[in-house]
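Contents: one structure, followed by commentary.
Not measured: the values here are computed from a predicted model. A note on names: the letters A, B, ... follow the listed sequences, proteins ahead of strands, and every chain is numbered from 1.
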Protein chains: 2
Amino acid sequence: MTMSRIQKRNRARIAEAALEVFSRNGFRGATLDAIAGEAGLSKPNLIYYYPSKETIYEELLTGLLSRWLEPLTALDPAGEPEAEILGYVSRKLELSRQMPRESRLFANEILRGAPLIAPHLTGPLHRLVAEKAAVIEGWAAAGHIAPVDGRQLIMSIWALTQHYVDADVQVRAVTGLADPLAGAAAHLETLFRRTLRG
Amino acid sequence: MTMSRIQKRNRARIAEAALEVFSRNGFRGATLDAIAGEAGLSKPNLIYYYPSKETIYEELLTGLLSRWLEPLTALDPAGEPEAEILGYVSRKLELSRQMPRESRLFANEILRGAPLIAPHLTGPLHRLVAEKAAVIEGWAAAGHIAPVDGRQLIMSIWALTQHYVDADVQVRAVTGLADPLAGAAAHLETLFRRTLRG
DNA sequence: CGTCTTTTTGACCATCCGGTCAATTTGTCA
DNA sequence: TGACAAATTGACCGGATGGTCAAAAAGACG
């Protein structure tokens with residue numbers, strides 16, 4: 001079961017190409033030819049490594065999931081509440097900035113009703129959010145931050161940070177700036193700091 | 001140029017069917033057969049009314065644009081600042097609740113880079129936002145609300161209100177509730193009220 | 001009713017696309 | 001080097017899909 005040198009190289013190429021193509025065109029808009037071309041392989045050769053288009057997509061998505069949730073996992077119950085939450089906002093924004101393709105990939109999947117990762121959403125994701133939301137609400141109950149619904153707060157952070165990347169055409173059009181993230185960090189810090197201070 | 005009785009009826013049916021199909025499957029995922037079926041017409045008959053799939057999509061999108069921006073248009077410079085902005089949040093959320101298909105349609109278009117409505121974004125939308133952002137910043141300068149970037153505030157409102165509908169699978173999975181909008185109104189009011197009060 | 005226009009449709013076409021397969025090339029290793 | 005396995009590919013297939021077209025059916029109207 002150990003992968004040959006060539007296997008390793010080509011699977012890496014395919015993953016990179018698939019991320020590029022799927023994030024730009026969505027699942028239905030992506031074609032095997034496009035992925036193969038981007039990866040520098042022929043279509044039958046691509047299918048030699050992955051049995052189907054769906055398999056490529058699925059493996060790509062699930063492989064990125066844990067990475068995508070890292071910032072939230074890092075939210076520390078023992079830390080200083082406001083700094084922890086604002087730090088999470090900042091890390092999530094930075095992650096979106098550095099991984100725009102991944103962000104769009106997930107946005108697309110979610111928008112379509114999450115046909116592939118629905119189980120993950122109701123399982124691991126639900127649990128992680130429940131855990132961290134409890135931490136946040138604990139802080140609120142202890143009076144360290146203003147009262148707030150933890151789950152709603154976390155979802156707000158997702159919605160806002162990802163918006164700058166997923167809807168970057170719109171953001172650029174509205175602001176007139178070339179960089180959609182210009183001003184984002186400052187605004188989000190203001191917005192969430194005020195929310196946490198009540 | 002006046003439309004016959006049959007034309008009016010069938011064009012209305014097509015618009016409704018197209019909204020249904022495009023919003024559920026995106027532009028690429030939608031098929032003429034699906035739209036025709038949903039509208040109760042044959043495919044050639046559908047194409048008798050609209051010359052191409054793109055035309056249907058384009059007319060649908062542009063026809064809904066003004067409707068979609070109504071709540072922002074209604075933001076009144078002469079009103080009470082906090083009430084005006086919170087009222088806008090509430091109206092936008094209500095609009096998303098009542099028009100989830102339209103919301104997804106736009107989300108899809110934006111996510112794909114707005115190939116069709118980009119001109120509208122940089123034109124009318126940019127101007128409308130600039131105008132309303134100036135109003136908000138005027139209120140801030142006068143000390144009626146806490147200092148805030150008007151454009152960023154407006155975009156925040158979009159991102160958050162639409163998230164509940166566009167990402168409803170995720171919201172439902174995380175909250176565990178059947179209604180993705182449960183708690184949304186209260187949370188958003190809290191979040192934005194605190195933001196406006198500094 | 002008769003004539004003209006509008007509407008509708010079955011049959012068809014070209015292209016795209018996911019995927020297969022047999023055959024060839026390349027790599028591995030004793 | 002020879003022999004076997006891994007990797008690669010051109011040619012091809014079947015189904016889906018956007019769109020066409022000629023002919024038929026249904027309305028409109030005097």
B:I47 CD1 to D:dT17 P, straight-line distance once rounded to whole Å: 14 Å
Here the gap from B:L93 atom CG to B:H163 atom NE2, rounded to the nearest 0.5 Å, amounts to 12.0 Å
Residue B:R67 excluded, over 12 heavy atoms near CZ under 6.0 Å: no
Mind checking the CG-CG spacing from B:L60 to B:L64? Nearest 0.5 Å is all I need. 5.0 Å
So, the side chain of A:S103 versus the backbone of A:M99: is there a donor-acceptor pair under 3.5 Å, distance only? no
Do any of residues 49-60 of chain B sit with a heavy atom less than 4.0 Å from DNA chain D, and if so which? B:S52, B:K53
Identify the residue among A:T73, A:I136, A:L72 that makes a side chain to side chain contact (heavy atoms under 4.5 Å, CB included) with A:Y88. A:L72
Between atom CD of B:E58 and atom OG of B:S52, what is the distance when rounded to the nearest 0.5 Å? 8.5 Å
Would you tabulate the nitrogen or oxygen pairs shorter than 3.5 Å linking the protein to nucleotides 9-15 of chain C?
unit_1 : atom_1 : unit_2 : atom_2 : d
C:dT9  : OP2    : B:S42  : OG     : 3.2

Any carboxylate oxygen within less than 4.0 angstrom of a Lys/Arg side-chain nitrogen, looking at A:R197 and A:E82? yes
Side-chain donor/acceptor of B:K53 to backbone N/O of B:A30, under 3.5 Å: yes
Contact under 4.0 Å: A:N10 side-chain N or O vs D:dA6 OP1/OP2: no
Could you write out each protein N or O paired with an N or O of nucleotides 23-30 of chain C at a distance under 3.5 Å?
unit_1 : atom_1 : unit_2 : atom_2 : d
C:dT28 : OP1    : A:R5   : NH2    : 3.1

Rounding to a whole Å, what distance do you find between B:M3:CE and C:dT6:C1'? 15 Å
N or O in side chain of A:Q7 less than 4.0 angstrom from D:dA7 OP1/OP2: yes
For A:L86, is there any backbone N or O sitting under 3.5 Å from a side-chain donor or acceptor partner on A:S90? no
d(A:F192 CZ, A:T161 OG1) to nearest 0.5 Å is 8.0 Å
Could you pull out all donor-acceptor pairs under 3.5 Å where a side-chain atom in residues 111-129 of chain A meets a protein atom, sequence neighbours excluded?
unit_1 : atom_1 : unit_2 : atom_2 : d
A:R112 : NH1    : B:N25  : O      : 3.3
A:T122 : OG1    : A:A118 : O      : 3.3
A:T122 : OG1    : A:P119 : O      : 3.2
A:H126 : ND1    : B:A173 : O      : 2.7
A:H126 : ND1    : B:V174 : O      : 3.1

Please list, by residue number, the residues of residues 16-34 of chain A whose heavy atoms come closer than 4.0 Å to an atom of DNA chain C; answer none if no residue qualifies. A:A30, A:T31, A:L32
Under 3.5 Å donor-acceptor pairs involving side-chain atoms of residues 150-157 of chain A, not counting sequence neighbours:
unit_1 : atom_1 : unit_2 : atom_2 : d
A:Q152 : OE1    : B:Y164 : OH     : 2.5
A:S156 : OG     : A:Q152 : O      : 2.7
A:S156 : OG     : B:H187 : NE2    : 2.6

So that I can tick it off, tell me whether B:E94 and B:R97 are bridged by a salt bridge, with the cut-off set at under 4.0 angstrom between side-chain N and carboxylate O. yes
